[in-house]
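Notes follow the structure.
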Amino acid sequence: MENNSFFGDVCKYFDKASGFLKYPAGLLEQIKICNSVYHVQFPLRKDNDTYEVVNAWRVEHSHHMLPVKGGIRYSSMVNEDEVMALAALMTYKCAVVNVPFGGAKGGIKIDPWKYKSSELERITRRYAVELIKKNFIGPGVDVPAPDYGTGPREMSWIADTFATFNSYNTSQTDSFACVTGKPIAMHGIGGRKEATGRGVFFAVREACRVEEDMKKLGLTKGLEGKSVIVQGLGNVGYFAASLMQEGGAKIIGLIEREGGIYDANGLDVNEVVKHRKETGSILGFKKATDYKNGADVLELECDILIPAALEKQIHNGNANKIKAKIIGEGANGPVTAEAEEILLKKNILILADMYTNAGGVTVSYFEWLKNLSHVAFGRMEKRYDEFSHGNFVNIIESMTKQSMSASQKDMVIKGASEVDLVNSGLEDTMITAYHQIREKWMSNKKIDSFRTAAFICAVEKIGESYMNLGIFP
Ligand code: GLU
């Protein structure tokens, strides 16, 4: 497998897209580079009274819009190059789905599964303090979120630490907007946990709805009946897989850290998850075939492959063996730049990460808005809407002298709850962005891929912001 720089790969994509843009070279350079890279080292006292030095980063890639936004990952693979690449991808991701933020990313180089929760709490709170000290966190400055190895628990530790330090500030009531992906009971938002996976589902479903594109791949229109392999049963992969299954697709392969399973007749995602909880592994599930080396399952025949784990899973060593017709990048950077060249020659449609997994940051944006407006979406209007929809039903019934069934009435009368609004806002965002990117792609025969088109859309928007700032004439 090639050992390329991940940030180097992102820059390669950027350069390819820049060739289609007429911005001054200096402006393009300004967009490409990382504005601020912060590396901090601090001690951890473990529960057994030994000490360890922890390495952590926060990278703010682009300040063309504030706050900057992006998750924090805990993984033993974290390094500066990776955090820079992921921060840059956040900038392009936000631009592509019209979320008005710059991009950032954080990382702590630890294997979170090897620490007690008391130790993780100390690491997280200390990291938050280090960010506060350098002004690398705040509702209008830099707003972290969960990523690989972190979740609502870590976000509430960060929010609590930030609020503690901010208690005499006039903007204290806005403190909880300093981080998203929080638990609902701690100013989080309904639908955030599922958001990235749900976004992946909307992205793939939208691609499958375009008959002309499916024909080029030798596929029929629609998700119904398509065979799917998913790598990763974490937050992203699990929700993407179960929504695809609900949407009529057949999940034939699943991959986790311990290996992969395959069944051409289809796997029930929830049953596999239950089996993994009970036995500690996805292997040994009913009649499915076991693959001790999970990566082998990536190479099996399927219509749609969703790598939703980590980066560099499809590389120059296995790209030639990939048989999927569509790859939906649930993870960030699962396909290397070299692998992409090979896959494009094989006519595989790659739905690039910066668009496909943008559901998480989209709903983070909704959470941030909720925190700053101090009211849940739908709270003011839900009952009023139900009342007026009810009046409307009564008028129709009296005019037509016919009554609606109870289920028809429920459907018409129901006012939108917070999670209904979040999911609908997410669906609209993903569908709109898909067609913006596709139109760009179709507008010029020289644009070689969906990814290049997505980069062009993103860089165009960021360039426009800089031009409006008056920095570049
Ligand atoms: N970590 C997620 C991502 O890579 C979410 C970021 C956010 O919500 O700010 O997109």
Side-chain angles (χ1 to χ4, degrees), residues 197-232 236-237 239-255 260 262-269 296-308 313-314 318-331 334-335 339-359 427 430-443 445 447-454:
R198 192 177 287 276
V200 172
F201 162 70
F202 288 142
V204 175
R205 189 191 63 182
E206 205 50 31
C208 292
R209 277 179 174 167
V210 186
E211 194 163 10
E212 190 190 332
D213 296 351
M214 291 304 104
K215 258 195 191 149
K216 286 184 204 157
L217 302 172
L219 293 171
T220 52
K221 186 182 166 185
L223 196 58
E224 189 85 30
K226 294 222 163 31
S227 57
V228 182
I229 295 179
V230 180
Q231 182 190 37
V236 184
F239 288 111
S242 34
L243 287 164
M244 300 251 183
Q245 187 178 316
E246 263 175 47
K250 190 159 71 168
I251 311 297
I252 58 166
L254 288 168
I255 308 165
Y262 175 83
D263 187 342
N265 295 317
L267 299 155
D268 184 277
V269 180
D296 290 347
V297 179
L298 293 170
E299 298 168 13
L300 300 177
E301 204 149 314
C302 64
D303 296 323
I304 303 165
L305 174 63
I306 314 272
Q313 299 302 299
I314 303 174
N318 63 359
N320 245 322
K321 299 182 202 144
I322 300 293
K323 295 178 196 73
K325 308 235 167 58
I326 302 173
I327 297 180
E329 295 186 331
V335 174
E340 172 152 284
E341 298 291 322
I342 302 169
L343 298 172
L344 291 179
K345 283 195 192 114
K346 286 165 64 112
N347 191 32
I348 295 175
L349 170 62
I350 307 172
L351 301 172
D353 49 4
M354 54 187 282
Y355 160 70
T356 307
N357 70 31
E427 183 169 9
M430 296 306 292
I431 293 176
T432 307
Y434 185 81
H435 292 285
Q436 269 178 10
I437 299 168
R438 187 180 176 276
E439 262 167 45
K440 179 64 71 188
W441 188 15
M442 296 299 134
S443 71
K445 283 209 165 63
I447 300 176
D448 64 342
S449 63
F450 183 88
R451 190 187 314 275
T452 307

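The structure presented is a predicted model; accordingly, all values stated were derived computationally and were not measured.
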field: Those residues that, when tested against E341, pass salt bridge (charged side-chain N to carboxylate O under 4.0 Å, His left out) (two or more places apart)
entry: K16

query: Do E206 and R209 meet the salt-bridge criterion of a basic N to acidic O distance under 4.0 Å?
result: yes

- prompt: Looking only at heavy atoms, what is the nearest atom pair of V297 and G253, with distance?
  reply: CG1-CA, 4.3 Å

message: Could you tell me if the side chain of E329 sits less than 4.5 Å from the side chain of I350, heavy atoms only?
response: yes

- prompt: Do I306 and M244 come close enough that some side-chain heavy atom pair is under 4.5 Å?
  reply: yes

query: Looking only at heavy atoms, which two atoms of G232 and V230 are closest? And how far apart?
result: O-CG1, 3.7 Å

field: Taking every non-hydrogen atom, the tightest pair across A453 and I437
entry: CB-O, 3.6 Å

- prompt: How about I314 and E340: do any of their side-chain heavy atoms sit closer than 4.5 Å?
  reply: no

- prompt: Got D213 and R438 here, is their nearest side-chain heavy-atom distance under 4.5 Å?
  reply: yes

By ring-ring contact (aromatic ring centres under 6.0 Å, His included) - contacts of Y434 (at least two apart): Y355, F450

- request: Could you tell me whether the side chain of C208 reaches within less than 4.5 Å of the side chain of I326, counting heavy atoms only?
  value: yes

Value rounded to 0.5 Å, distance of NZ in K215 from OG1 in T220: 11.0 Å

task: Output yes when D353 and R451 qualify as a salt bridge under the 4.0 Å nitrogen-oxygen rule, no when they do not.
output: yes

